Amino acid sequence: MVLSVSSLTVSRAGRPVLSDLSFDLMAGQALRLQGRNGIGKTTLLRCLAGLQPPLAGRIVMAADSLAYAGHADGVKLQLTVLENLRFWADIFGCWDIERALQAFELGPLSDRLAGTLSAGQRRRLGLARLLLTNRPLWLLDEPTVSLDDASVTLFAAAVYDHLQAEGAVLIASHIDLGLPAEVLALEPYRAGSTTSTPFDESFS
Amino acid sequence: MSLWEYANPRRFLGLSERLLPGLSVLSLLLLTAGLIWGFFYSPDDYRMGSTVKIIYLHVPSALMAINGWIMMLVASLVWLIRRHHVSALAAKAAAPVGAVMTVIALITGAIWGQPMWGTWWVWDPRLTSFLILFLFYLGYMALWHAVDDPDKAADLTSMLCLVGSVFALLSRYAVNFWNQGLHQGASLSLDKEEHVADVFYVPLVITIGGFVLLFLALVLLRTGTEIRLRRISVLINRGRMT
Amino acid sequence: MIALLQRDLRLATRAGGGFGLALVFFLILVLLVPFGVGPDTAVLAKIAPGILWLGALLACLLSLDRLLALDWEDGALELLATSPLPMEAVIALKALAHWLTTGLPLVLVAPVLGLMLNLPGAGYIWLTVSLALGTPTLSMIGCFGAALTVGIKRGGLLLSLLVLPLYVPTLIFGAEVARRGAEGLELATPLLLLVGISCGTIALLPFAAGTVLKMNLR
């Protein structure tokens with residue numbers, strides 16, 4: 001098992017958004033988070049990535065096993081495509097930059113400054129970083145924003161390869177990537193107004 | 001019954017509402033008694049004449065300026081370690097009171113300094129470190145003001161208070177090193193050598209007691225206000241969600 | 001870990017990186033001082049160590065709000081937080097990069113500006129030594145301030161308000177070393193105190209700043 005979540009409650013700005021959420025993610029499995037805007041997809045992913053503490057519940061995963069991709073790519077506009085990728089390769093200690101370039105068809109762009117790329121190309125660069133992390137669990141927050149159909153196919157292929165290599169993927173996305181992904185609808189876990197944080201309880 | 005029970009806002013409010021009238025009245029009594037005694041029934045100093053009487057405002061306010069920061073430091077530590085919201089709000093509530101105490105100490109010091117040293121301001125170590133302390137208060141309050149999320153604001157200001165305390169202490173000694181200064185020695189100390197005379201001592205202790213109680217009353221009042229503000233925003237949010 | 005340092009140095013020297021702006025600011029400040037206090041060389045020589053220290057401090061302050069804000073805006077900080085690099089190391093490397101691009105050039109150019117302010121001959125070596133020991137501390141303290149204010153819109157002014165009081169001990173001892181050096185006085189005490197503050201700050205503040213940054217990322 002790559003990730004195991006049990007009775008998790010997450011909060012945004014001090015208010016619980018999702019409560020009592022439990023699911024497991026196996027190696028080779030993809031799970032798509034589904035729910036309307038503001039339900040807490042991003043909050044859940046940030047929480048799983050360790051960027052914010054959960055309000056309650058348990059998250060079990062191996063140490064250093066996740067790669068997170070949020071709304072912002074962390075792409076430096078003043079550096080070239082290759083320099084951007086080299087940086088992350090160095091940080092994560094993985095040197096297969098060629099594969100990352102090929103998977104997202106960035107080869108011809110590799111000497112261009114990232115600032116001169118289009119939004120979709122920049123997004124592809126951001127996603128190519130995932131291939132350099134060498135980590136089994138990908139947490140992806142709306143990865144297909146500003147990608148065209150051809151790029152989405154590239155991305156889906158990369159995800160598919162990752163799953164074949166015993167990886168696991170958790171995606172918050174509106175569109176179906178055509179992957180054998182199970183869907184986790186978040187609506188039933190929405191924290192009602194009755195759920196309150198310890199803060200609320202003590203203040204009202 | 002543990003002290004931490006009062007970390008619950010409701011309990012805290014209950015307690016502070018019971019304490020507040022008593023504290024306020026007692027503080028007012030002590031301040032009136034101490035100041036009247038000090039101003040009209042204590043002798044002039046043989047060197048400083050009647051200007052010495054400002055000591056009854058200057059020393060207590062200076063004391064509370066420092067103690068206010070120490071209280072904030074303790075409250076910040078409690079928030080960082082035990083995450084009691086009341087503690088964070090008490091630190092927030094104490095800052096403006098402490099800052100005002102610092103201003104009072106600085107102004108009374110300047111008024112006292114004019115006849116004594118012939119100048120409103122000298123770059124004396126004590127004066128300078130109080131000015132630095134005032135800047136720390138300002139920065140602390142500005143940070144509280146600038147961060148929207150209350151829990152994050154509490155986290156950040158607590159860390160600032162912690163690190164700031166270390167640097168405030170460093171500055172205190174750095175300033176001492178930098179300029180020896182004109183300021184007299186401590187007015188109160190356990191070491192009898194540099195103690196003020198007993199005729200000044202008794203009213204001074206009374207006014208200090210008054211200032212301590214005044215500080216406590218103000219902090220309790222302001223913490224209560226902060227708690228109610230947070231409660232209102234919780235209720236508004238809840239109303240929005242249903 | 002070297003990668004982060006390399007990247008920051010490279011970014012600083014690329015277009016819009018702001019490398020050299022602090023130096024120009026320092027130069028302009030020193031140019032303005034004689035306009036403010038008059039061209040009397042005796043007066044200038046007397047205040048030169050203090051002016052140069054103050055100028056270096058302000059030039060250092062100038063570039064602090066970009067230190068973490070850029071990485072915050074493009075999401076790189078979040079990604080670094082989920083990377084194998086500990087946040088304390090990120091902070092320490094950022095401070096080092098800031099010192100290499102801002103502090104070190106200031107140290108190197110300060111003797112030249114000292115010449116323009118008629119700094120006495122004995123003062124050059126101690127001015128350079130005190131700045132070389134003090135400016136890393138300024139970068140580290142600035143990094144802590146930047147970590148505190150990183151999520152705040154237009155936090156630049158607040159950053160100055162928070163950081164300047166923290167600069168007081170470093171400025172006092174650093175300027176004291178430079179002044180005593182220029183006047184040929186004994187300077188071991190302030191020098192040792194400056195070294196002490198520098199060591200303490202650089203050893204401990206990355207942990208405080210790392211904690212603050214993690215709090216800010218929540």
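Computed over heavy atoms, backbone and side chain alike; hydrogens, waters and symmetry mates excluded. Each chain gets a letter, A, B and so on, in the order its sequence line appears, and its residues count up from 1. On a predicted model such as this, the values are computed, not experimentally measured, just so you know.
Looking at A:Arg86, there are no atoms closer than 4.5 Å to chain C (heavy atoms on both sides), in backbone or side chain. For C:Leu77, no part lies under 4.5 angstrom from a heavy atom of chain A. Using a 4.5 Å cut-off between heavy atoms, A:Arg129 contacts chain C through its side chain alone, with no backbone atom that close. Only the side chain of A:Leu113 comes within less than 4.5 Å of a heavy atom of chain C; its backbone N, CA, C and O stay farther away. Both the backbone and the side chain of C:Leu80 come within less than 4.5 Å of a heavy atom of chain A.
In the displayed structure, C:Leu192 atom CG is contacted under 6.0 Å by more than 12 heavy atoms of other residues, nucleotides or ligands. Dense packing is recorded around CG of C:Leu108, with more than 12 heavy atoms of other residues, nucleotides or ligands lying under 6.0 Å away. The local environment of CZ in C:Phe25 is crowded, with over 12 non-hydrogen atoms from other residues, nucleotides or ligands closer than 6.0 Å.
To the nearest 0.5 angstrom, A:Arg135 atom CZ is 7.0 Å from C:Thr82 atom OG1. Separation of atoms CG (C:Leu79) and CD1 (A:Ile91) is listed at 11.0 Å; rounding is to 0.5 Å. Taken from NZ in C:Lys214 to CD in A:Gln52, the straight-line distance is 15.0 Å, to the nearest 0.5 Å. Of the inter-residue distances, the one linking A:Phe87 atom CZ with C:Ser83 atom OG reads 7.5 Å to the nearest 0.5 angstrom. The NZ atom of A:Lys76 sits 5.5 Å away from the CG atom of C:Leu70 when rounded to the nearest 0.5 Å.
With hydrogens and angles ignored, the 3.5 Å screen pairs a side-chain donor or acceptor of C:Arg14 with a backbone N or O of A:Gln78.
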Side chain to side chain contact (heavy atoms under 4.5 Å, CB included) between C:Asp74 and A:Val75, worked out: CA-CA 7 Å; C:Asp74 63 20; A:Val75 166; over 6 Å; no
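When all heavy atoms of A:Ala72 and C:Gly75 are compared, the pair lying nearest together is CB-CA, 3.7 Å.
Ranked by heavy-atom pairs under 4.5 Å with chain C, the first of A:Leu51, A:Asp73, A:Asp90 is A:Leu51.
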